[in-house]
2 protein chains.
Amino acid sequence: MKRKGNIDSSDRRVRYTKMMIRQSFLSLISERPISKISVTDICNQADLNRGTFYAYYKDPNDLYQQIKESLLEEIETPIESIIDTSSLYDLLLNVFTSIEQNKDLCTIVLSNNSDQEFISQILNLVRNKFIGLWHERVPMIPLKTLNYLFTFTANGSMGVLKEWLTNDVKDDTPEMMAALVEQMSSNAFLSYLTGDHNLTK
Amino acid sequence: MKRKGNIDSSDRRVRYTKMMIRQSFLSLISERPISKISVTDICNQADLNRGTFYAYYKDPNDLYQQIKESLLEEIETPIESIIDTSSLYDLLLNVFTSIEQNKDLCTIVLSNNSDQEFISQILNLVRNKFIGLWHERVPMIPLKTLNYLFTFTANGSMGVLKEWLTNDVKDDTPEMMAALVEQMSSNAFLSYLTGDHNLTK
DNA sequence: AACAAAAATAAACAGTTTGTTCATTTCTTT
DNA sequence: AAAGAAATGAACAAACTGTTTATTTTTGTT
């Protein structure tokens, strides 16, 4: 179905259609893997003509990519501003609290079967910012080492976060988790703050 | 196609068929995601009748699960014996070296789109072993904290490993990578070795 | 070497899903 | 109120699915 009109979806119908498609898809993704979700499924649930789907998306995976993209854009600015104005602990506390408040959605997005690529994209949102900050404070550490340090602490933190989300949350408060992760991350840096540890000698 | 015979595949034909199916699947998985691999594809590439596939596997994903399972069984024993007899550095060096030697396969298995569930299974192979060792050395740290420490360092190490694999490997030798990861992991523990850090106060 | 058993094959089957097209209807903006 | 854009319903060939048959080939074992 060829679309001739403008792209900016100023039309109320377009917004409604896209909203219904996304809503239907998100409801389906919570009960089965993406590979088992057909265009037919999405359109049945959304009560839309199948041709309409193809007017906007190539296939369910294309839809999924676009949903992730808009999610990334949505969280980029707030996260960056937190980094600029707060401590690592405050950032972590903010993240753990937000996730606890949106546990249902986050469990799906960060679940065991979620794609690592998306998580990498989230981490890369803040990678350069962190490395820049660290480089100012400890310019003697090579950038390559800082990069691996970021990867290590970021992936470690994300792992703890997912485990916390999977297990029963109520025992460990966001405050305790933020403190723990902050401690482990800071420690990972520790020896680099004094000695001369070059990755490539 | 119903199979009436024995399960142990002492038959030469069964071994050949399964080998061809796995080989064909692994070749296809290196060029597209599993969701785009049909039973027809696998059987064309393996030059087998489609009905034969259904005699052994439910669908391509079932095949994938079985491949992962046998891979896990294969690496479990050697990894455990290394932990028992060597230092963390030696274990890491062993892993980085093995991965460098099987770069093609490992890039696929550990790629960005690989499922995190499989990686978690690998890490859980050694989780209890590590926590046991640590608990002997520093019994004052609560088991729950040790568990989060393992999750943090294991996921951090895995992240570094994947990044190393993705980037151009030749600059950083397995020795340098093992030393770096060993250092960061040890540091994460550091403060816990003296102070009284309880996750749940 | 011969035999019975098991495995693989080819061919066919109905049932889905996929993309795409078209004429028609409904809705939105101005 | 009219023009234009979007959504619909219906139809289409193509591909994949899972399963079943009858038939052929290969195997392990006497």
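Lettering follows sequence order; numbering is per chain, from 1.
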Can you tell me the distance, in whole Å, between the CG atom of Asp11(A) and the P atom of dT28(C)?
7 Å
Between dA7(C) atom P and Lys18(B) atom NZ, what is the distance in whole Å?
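Answer to the nearest Å: 11 Å.
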Give the minimum heavy-atom separation between Ser27(A) and Glu31(A), together with the two atoms involved.
O-CG, 3.8 Å
What is the nucleic acid contact for Asn44(A), judged by heavy atoms within less than 4.0 Å: base, sugar-phosphate only, or nothing?
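Answer is nothing: Asn44(A) stays at 4.0 Å or more from every strand.
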Regarding Asp47(A), tell me which of base, sugar-phosphate or nothing describes its non-hydrogen contacts under 4.0 Å with the strands shown.
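Touches sugar-phosphate only.
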N or O in side chain of Tyr54(A) less than 4.0 angstrom from dA6(D) OP1/OP2:
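Answer no for this pair, as no side-chain N or O of Tyr54(A) is under 4.0 Å from OP1 or OP2.
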Look at the side-chain N and O atoms of Thr17(A) and state whether any lies under 4.0 Å from the OP1 or OP2 oxygen of dA7(D).
yes
I would like to know whether Tyr148(A) and Asp172(B) meet side chain to side chain donor-acceptor pair (under 3.5 Å); could you show each step before the answer?
CA-CA 12 Å; Tyr148(A) 278 129; Asp172(B) 303 325; 3.2 Å; yes
Please step through side chain to side chain donor-acceptor pair (under 3.5 Å) for the pair Ser186(B) and Glu182(B), ending with a clear verdict.
CA-CA 6 Å; Ser186(B) 303; Glu182(B) 199 269 341; 3.3 Å; yes
Thr40(A) has its side chain closest, among dT18(C), dA7(D), dG28(D), to dT18(C)
Measure the shortest side-chain to side-chain distance between Met177(A) and Leu161(A) over non-hydrogen atoms and say whether it is less than 4.5 angstrom.
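The answer is no, as the side chains (C-beta and beyond) never meet within the 4.5 Å cut-off.
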Assuming nearest nucleotide by heavy-atom distance, tell me which of Arg15(B) and Arg50(B) is located more 5' along DNA chain C.
Arg15(B)
